[in-house]
Amino acid sequence: EVQLQASGGGLVQAGGSLRLSCAASGFTFDDYAIGWFRQAPGKEREGVSCISSSDGSTYYADSVKGRFTISSDNAKNTVYLQMNSLKPEDTAVYYCAASKLIDCSSWSAFILYEYDYWGQGTQVTVSS
């Protein structure tokens, strides 16, 4: 059974930090890129960050660059998203997803239909 379990969300004040986790199981972790996406109410899902588990390449949306850091622990089949200097506009449900085909070197990392598996998401709320 393929599972992607996102966790670590919560309520935080602007300027604060959270670390999200994405625990993967049921597929060969090293063969996939893992992306973080977010969706606020009434808005389209957008890419946040991506990491290739095979070579460690990373990619970030401009809106989070310099504030968020993606990393992976291949031994634990887990990807993390460290979110610092959070802003109210970061409020969204954050999803992790796995793609066999994409790499994390360009905007193509955020092509939604290229992702094979999706987790259920975790809520991040940033208050002002």
Side-chain angles (χ1 to χ4, degrees):
E1 179 183 359
V2 172
Q3 289 190 331
L4 288 169
Q5 185 67 253
S7 62
L11 175 64
V12 65
Q13 290 186 327
S17 298
L18 286 171
R19 189 178 75 157
L20 306 184
S21 298
C22 176
S25 62
F27 60 93
T28 304
F29 185 77
D30 290 350
D31 291 341
Y32 287 77
I34 304 295
W36 283 100
F37 297 80
R38 66 187 182 187
Q39 188 166 24
K43 299 184 68 176
E44 294 184 349
R45 191 168 299 188
E46 64 176 353
V48 177
S49 188
C50 178
I51 187 166
S52 172
S53 297
S54 59
D55 65 8
S57 298
T58 59
Y59 190 75
Y60 298 91
D62 287 345
S63 60
V64 307
K65 188 162 50 180
R67 299 188 297 122
F68 292 8
T69 303
I70 192 169
S71 62
S72 64
D73 185 338
N74 287 16
K76 296 182 178 180
N77 286 1
T78 300
V79 168
Y80 304 97
L81 185 67
Q82 179 66 45
M83 306 187 296
N84 298 326
S85 302
L86 283 162
K87 305 173 181 179
E89 52 263 45
D90 295 318
T91 295
V93 176
Y94 283 70
Y95 300 89
C96 62
S99 172
K100 185 69 178 294
L101 296 178
I102 65 98
D103 60 56
C104 300
S105 61
S106 73
W107 64 269
S108 64
F110 297 149
I111 298 175
L112 293 173
Y113 65 76
E114 296 285 6
Y115 282 81
D116 303 291
Y117 308 121
W118 291 83
Q120 293 300 306
T122 184
Q123 176 70 49
V124 171
T125 302
V126 184
S127 63
S128 60

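To the nearest 0.5 Å, atom OG of residue Ser108 and atom CG of residue Asp103 are 5.5 Å apart. Here the OG-CD1 distance, from Ser106 to Ile111, works out to 7.5 Å after rounding to the nearest 0.5 Å. Atom CG of Leu4 and atom SG of Cys22 lie 4.5 Å apart (nearest 0.5 Å). Atom CZ of Arg38 sits about 13.0 Å away from atom CZ of Arg45, to the nearest 0.5 Å. Atoms OH and CD1, from Tyr113 and Ile102 in turn, are 12.0 Å apart once rounded to the nearest 0.5 Å. Rounding to the nearest 0.5 Å gives a distance of 12.0 Å between CD of Gln82 and CD1 of Ile70.
Nearest approach of Gly121 to Val93, heavy atoms of both residues: CA-CG1, 3.9 Å. Heavy atoms only, all atoms of each residue included: Cys104 and Ala109 are closest at CA-CB, 4.0 Å. In plain terms, the two heavy atoms of Ile34 and Phe29 that are nearest each other are CG1-CE1, 4.0 Å. Minimum heavy-atom separation, Tyr94 to Leu81: CD2-CD2, 4.3 Å. Taking all atoms of both residues into account, the shortest heavy-atom contact from Ala97 to Phe37 is CB-CE1, 4.2 Å.
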* Pair Ser17-Asn84, side-chain contact (heavy atoms from CB on, under 4.5 Å): steps then yes or no -> CA-CA 4 Å; Ser17 298; Asn84 298 326; 2.8 Å; yes

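For the pair Thr91 (side chain) and Val126 (backbone), a donor-acceptor distance under 3.5 Å is present. No donor-acceptor pair closer than 3.5 Å links the side chain of Ser52 to the backbone N or O of Ser57. A donor-acceptor contact shorter than 3.5 Å links the side chain of Tyr59 to the backbone of Trp107. Using a distance-only test at 3.5 Å, with no hydrogens or angles considered, no donor-acceptor pair links the side chain of Tyr115 to the main chain of Cys96. Checking side-chain atoms of Asn74 against main-chain N and O of Asp30 turns up no donor-acceptor pair under 3.5 Å. The closest donor-acceptor contact from the side chain of Thr78 to the backbone of Lys76 lies under 3.5 Å.
Under a hydrophobic clustering in which Ile, Leu, Val, Met, Phe, Trp and Tyr are joined whenever their side-chain heavy atoms come within less than 4.5 Å, directly or via other members, Ile51 and Leu101 fall into different clusters.
In this structure the side chain of Tyr60 reaches within 4.5 angstrom of the side chain of Thr69, judged on heavy atoms. Side-chain contact between Asp116 and Val2 is absent, with no heavy atoms from C-beta onward closer than 4.5 Å. Phe68 is not listed as a side-chain neighbour of Leu20, based on a closest heavy-atom distance of 4.5 Å or more. Met83 places none of its side-chain heavy atoms less than 4.5 Å from the side chain of Val64. Residues Ser72 and Val79 form a side-chain contact, since some pair of their non-hydrogen atoms from C-beta on lies under 4.5 Å apart.
Dense packing is recorded around CD of Gln123, with more than 12 heavy atoms of other residues, nucleotides or ligands lying under 6.0 Å away. Environment of CD in Gln5: sparse, with no more than 12 heavy atoms of neighbouring residues, nucleotides or ligands closer than 6.0 Å.
Taking the centre and axis of the six-membered ring of Tyr80, the NZ or CZ atom of Arg19 falls inside the cone set by 45° and 6.0 Å.
In this structure, Trp118 and Tyr95 have perpendicular ring planes: the angle between them is above 60°, well past the 30° mark.
Between Lys65 and Asp62 there is a salt bridge, with a side-chain nitrogen of the basic residue lying less than 4.0 Å from a carboxylate oxygen of the acidic one.
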